[in-house]
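One structure is given here, and the rest of the page talks about it.
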Amino acid sequence: MKHRSSLSLLLLSLFFILFCTATEDGDGDSSSSIVFTTLGRAEYAFDIFSLPTSHKPSKDDELLITDGQSVNFNGHFPSPSSSPILSMFSNQILTQDPTPPPLQLLVYVTERNGSSNIYLDGFYDGINPTRRSILETPDRVQVPLLSIEQRNGRISMKDRPSVSGDYLIYVSTHEDSMAPRKSWAAVYSTHLKTGETQRLTPYGVADFSPAISPSGVWTAVASSGERGWVGEEEDLNTDIYVFRTNDGSERIKLVEYGGWPCWVDEFTLYFHRRSENGWMSIYRAILPRERTISTESVVIERVTPPGLHAFTPATSPGNNRFIAVATRRPTSDFRHIELFDLVLNEFREVTSTVSPKTHHYNPFISPDSTRVGYHRCRGKSNGRTNSPLFLENIQSPKPEISLFRIIGSFPSFSPVGDRIAYVNFPGVYVVNRDGSGKREVFSGTAFSTAWDWKRKGVIYTSTGPTFAGESTEVDIISINVDQTGSNSYKKLTIGGKNNAFPSASPDGKWVAFRSGRSGHKNLYLMDAVEGEKGGIRRLTEGPWTDTMCNWSPDGDWIAFASDRDNPGGGSFGIYFIHPNGTGLKKVVHSGEGGRTNHPWFSPDGKSIVFTSDYGAVSAEPIANPHHYQPYGDIYVARSDGSGIRRMTHNSYEDGTPTWGPTFIRPVDVVEWPSSGDGCSFDDCHWLGQAGNHGVGVSPYISTKPKCC
Ligand SMILES: *[C@@H]1O[C@H](CO)[C@@H](O)[C@H](O)[C@H]1NC(C)=O
Ligand SMILES: *[C@@H]1O[C@H](CO)[C@@H](O)[C@H](O)[C@H]1NC(C)=O
């Protein structure tokens, strides 16, 4: 009873804090909205499931644990016995059973109501042996573990949580690394009773994928160390470090080159790395018992054989019989969870028989080794069917700007902000801001959209293949979205030499765009109504790429992205130029070699929004579905390039932002009727290839072979 009342107090204070935060944020200086795209995210109907490890499972063995509604992933089964505070939750669960079965706990990341959070679910497993979903079990608790932290208005990505004693250990991105292209990912510990949070990662360093040793004393991480991030998308080339969980001290490098660590006992760690023959494989690191630990004193052994990719290992304390891994086999197009028998050195398939055509991610094993957990897309069959959100509200670090993720790419607002145009590969669509009246206005493949400021209902887009060379046939068309039929659109460019990214002048007379007609992609202006025939003028010139232009609301500037600092080198910065060709200036660049693209002016012209790798990667990309540019986040800055502010925090690819003139109330807008079961996202493309394709093999392996 005593426990129960102190817990109620804790919960009460959590609710109080949540409530206060909500009212303080209010609508304040409500003014405008930013809408952007996240590659694939609308399809991530992720839930956490588990299967028994004792036998070859069937469909009926699979248990849905999370809510069947939010995006839930990266679970961890804490041991109730090692975590006094979590076992208190058993008092919250009402059960008639005088001798209830063991309490089951799950800690996981959840994206709901616009923020990334860490939740705890607790339930008694086995009360209703026929149920397939925890949702059918009335007796369960579900609580956010980090609400106290939100008092400070902290917005961040949270990742890979685990609990040891009264502490929650996790990755968060709430502290600016203060340097371009340095990840903000760092490991924190939060005391679950007081909410006191401590950073365990030294400043200037990024840590990913933390794992606590069974005793709780040590935490292992994949760290970019001092080397930092130089643009890797497949393999971060991290090293494994350990430090004391209580304060981050005694930090040492254990393993050069490895990621996603997990412990079996205080002296044995498993991790993944790409092997010399190109396959992602599991390795074991054995720490010396007598000597002081150093990188040299650690013995490293390869565990999984070549011939398939095996990665994101999971262990359970003291279990030397098997580990769980995710695999990509050459014989399957899907990522599956398998057990690897450490005695027989063989794999045992787990999910491939249960849901063969689904990707399964990031396994974890229960403390008693009887169940393996993972996340996958719930699909149609489990829980509710998923209605993706047309505009998903994202918690905004600037309360006067509401922030939304849209289903579709290259959104743009009509001048008064009542309608949104976007593309869908193929097709150009227009929809009312409240999600009603969705209409296809062009059926071909098109990219980028922009509205005319004067002629009501006129939009511009470019039609043809994306990411194509200078001479590819891409043309700019204008579409009157209030008309139907083939005379609703008009081709504005002639000759199709990759003319794209139109943006109209506020006086309605001109359209700025990029064209490859000279053999290089540079900027041009043409007549907005008649197109090239009505007059064309070259705005920039040089053997590089100028692209993605956006005209300022006062008409004085055209913002664009350019690689002119290092043509063809893949690095883009944002530049401004006057429409008369004078005043060229560099406004934002994300350090040496960085990428900053898709600039868009705020309605008052005083700021810009753009996408950038400024905050680098936030998680090991292999732990997520495919993202071409997992480092892409949305940023705003003043129009002189100062005051850069990170708007989104995730390990996905966010891009193509637009900035509209009205403040959309920060709640999810309208559920879009689902066409399929969702779930049609890609797994990491490079995992689908055979191991020896040779791309991205760490330089550390060839220069310093350590094993095998
Ligand atoms: C999201 O917020 C709404 C409104 O505040 C609330 O009713 C709903 O329960 C919340 N959803 C989740 C999953 O927390
Ligand atoms: C070019 O345009 C800018 C603003 O649009 C103006 O301030 C400047 O005087 C113009 N320069 C010339 C040479 O016309």
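Counting convention: from 1, in listed order, for ligands and their atoms alike.
A salt bridge is absent between Arg595 and Asp613: the closest approach of a Lys/Arg side-chain nitrogen to an acidic carboxylate oxygen does not fall below 4.0 angstrom.
In this structure, Phe610 has its ring center no closer than 6.0 Å to that of His598.
In this structure, the side chain to side chain contact (heavy atoms under 4.5 Å, CB included) partners of Arg538, at least two apart in sequence or on a different chain, are Ser518, Asn522, Tyr524, Glu541. Applying the side chain to side chain contact (heavy atoms under 4.5 Å, CB included) rule to Arg199 yields the partners Glu175, Ala186, Tyr188, Thr201, Tyr203; only residues at least two apart in sequence or on another chain are considered.
For atom 7 (O) of ligand 2, no protein heavy-atom neighbour is found at a distance under 4.0 Å.
For Glu592, the CD atom sits in a loose shell: 12 or fewer heavy atoms of surrounding residues, nucleotides or ligands are nearer than 6.0 Å.
When only non-hydrogen protein atoms are considered, atom 13 (C) of ligand 2 lies nearest to Thr582 CG2, 4.1 Å. Remark: minimum distance from atom 5 (O) of ligand 2 to any protein heavy atom is reached at Asp556 OD1, 3.3 Å. In this structure, the protein non-hydrogen atom closest to atom 1 (C) of ligand 2 is Asn580 ND2, 1.5 Å.
Atoms of ligand 2 lying under 4.0 Å from any heavy atom of His578, numbered from 1 in the order shown and given with element: 2 (O), 3 (C), 4 (C), 5 (O).
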